Amino acid sequence: MRMKTAGLAGAAILVVAATVFAVTALMQAPPAGDGNARGGFADIGGPFTLTDKTGRTVTEADFKGKPSAIFFGFTFCPDVCPTTLYELSGAMEELGADADRMNVVFVSVDWERDGPEELERYVSAFDDRIRGLSGTKDEIERITRAYRVYYKRVPTEDGEDYTIDHSALVYLMDSDGRFFGTISYNESPEMMLGKLKRLIAEG
């Protein structure tokens, strides 16, 4: 029990550290010079190429016309990813048909283990409007740079496997693909729902 508690505490520290890193990166981002920012906030997002569950290529153009909520993680994640997707699913249920007016996307940063089939199995446990996207190493590195997402492979204690330390923000993008805001890990369901409603109404 003590080891489990220590492990959970360590995971919590990693999540907090990664989130602080991501938020710091957002706040330190240079001012937008091409209009790709909202309200003078950070310049987040940009072109990308990924793959959906059918093997079809997906780019940023596929999401334009609707606002988007994008979360980065991996299917082997023990807590942050399933918790976030579970909470997003609950918010989407609350939104009902209004949730159809936005894209909700889970992008795996585990380019080695998570392909289209793995993503499809994983996201099928949550709201069926959540899309899982995977990519090659180069594709994942490109989109994580564009969204200023922190992620890092961390070897397991036995050295035979790895986990991934990653930022835990949900990125909210407007219908033109411009940065709109974020949802932080462990925000209340009411706060998450309010942000998504605002995204749908104004994004």
Side-chain angles (χ1 to χ4, degrees), residues 11-12 14-27 29 37-39 41-46 48 50 58 60 62-64 66-75 77-95 98-110 114 119 122-123 125-135 140 143-151 164-203:
L14 287 175
V15 167
V16 171
T19 301
V20 168
F21 178 93
V23 171
T24 301
L26 288 173
M27 299 306 294
R38 188 182 186 89
F41 207 68
D43 187 5
I44 304 293
F48 63 81
L50 295 170
V58 175
E60 72 284 355
D62 292 283
F63 296 144
K64 289 191 175 178
K66 288 184 178 180
S68 301
I70 305 177
F71 181 65
F72 295 81
F74 65 117
T75 66
C77 182
D79 42 29
V80 175
C81 296
T83 298
T84 300
L85 294 181
Y86 175 79
E87 291 176 349
L88 276 171
S89 296
M92 294 171 73
E93 184 175 354
E94 289 284 334
L95 290 167
D98 282 345
D100 297 337
R101 297 168 54 195
M102 66 177 181
N103 306 296
V104 182
V105 184
F106 175 63
V107 178
S108 174
V109 297
D110 192 354
D114 290 343
L119 265 295
Y122 189 71
V123 299
F126 306 99
D127 191 289
D128 59 11
R129 289 168 288 190
I130 298 176
R131 300 175 64 181
L133 299 178
S134 60
I140 295 303
I143 189 172
T144 52
R145 280 198 303 270
Y147 281 78
R148 304 177 190 276
V149 174
Y150 165 81
Y151 78 104
I164 298 179
D165 178 24
H166 64 93
S167 52
L169 296 173
V170 178
Y171 293 80
L172 305 179
M173 312 298 290
D174 72 12
S175 56
D176 290 323
R178 296 174 302 187
F179 181 72
F180 188 88
T182 61
I183 298 172
S184 300
Y185 185 63
N186 276 342
E187 276 194 29
S188 70
E190 293 78 15
M191 185 73 76
M192 173 183 282
L193 183 61
K195 288 185 175 182
L196 293 177
K197 285 182 176 179
R198 180 168 173 257
L199 175 69
I200 292 170
E202 301 178 16

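Just so it is clear, the model here is predicted, and its values are computed rather than measured. As a basis for the values below, the full set of heavy atoms in this structure was taken, side chains included, without hydrogen atoms, waters or symmetry mates.
- Applying the side chain to side chain contact (heavy atoms under 4.5 Å, CB included) test to Asn186 and every residue at least two apart in sequence or in another chain returns nothing.
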Check your understanding: Could you go step by step and tell me if Leu119 and Phe106 meet the side-chain contact (heavy atoms from CB on, under 4.5 Å) rule?
Key -> CA-CA 9 Å; Leu119 265 295; Phe106 175 63; 3.5 Å; yes

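- Ile130 places a side-chain heavy atom less than 4.5 Å from the side chain of Ser89.
- Using a 4.5 Å heavy-atom cutoff, the side chains of Thr84 and Tyr185 are in contact.
- Note that CG of Leu88 is 6.0 Å distant from CD1 of Ile183, once rounded to the nearest 0.5 Å.
- Ring-centre distance between Phe74 and His166: below the 6.0 Å cut-off.
- Atom CD1 in Ile140 sits 11.5 Å away from atom CZ in Arg145 (nearest 0.5 Å).
- Side chains of Met102 and Leu95 form a contact here, defined as non-hydrogen atoms less than 4.5 Å apart.
- Within the 3.5 Å criterion, the main-chain N or O of Gly203 finds a donor-acceptor partner in the side chain of Ser175.
- Using modelled atom types and a 3.5 Å distance limit, the side chains of Tyr150 and Asp165 yield a donor-acceptor pair.
- A donor-acceptor contact shorter than 3.5 Å is absent between the side chain of Lys64 and the backbone of Gly177.
- You'll find the side chain of Thr182 stays beyond 4.5 Å of the side chain of Val170, heavy atoms only.
- Rounding to the nearest 0.5 Å gives a distance of 9.5 Å between CZ of Arg148 and OH of Tyr171.
- Side-chain atoms of Ser184 never come within 3.5 Å of backbone atoms of Glu187 as a donor-acceptor pair (strictly under, hydrogens ignored).
- Within the 4.5 Å cutoff, side-chain heavy atoms of Arg131 are placed close to those of Phe63.
- Between the CG atom of Leu85 and the OG1 atom of Thr75 there is a distance of 11.0 Å, given to the nearest 0.5 Å.
- Atom CD1 of residue Ile70 and atom CD1 of residue Ile143 lie 6.0 Å apart, to the nearest 0.5 angstrom.
- With sequence neighbours excluded, no residue satisfies side chain to side chain donor-acceptor pair (under 3.5 Å) with Thr144.
- To the nearest 0.5 Å, the span separating CG on Asp114 from OH on Tyr122 amounts to 9.0 Å.
- The distance between the ring centers of Tyr147 and Phe72 falls below 6.0 angstrom.
- Applying the salt bridge (Lys or Arg N to Asp or Glu O under 4.0 Å) criterion to Arg129, with sequence neighbours excluded, gives Asp100, Asp127.
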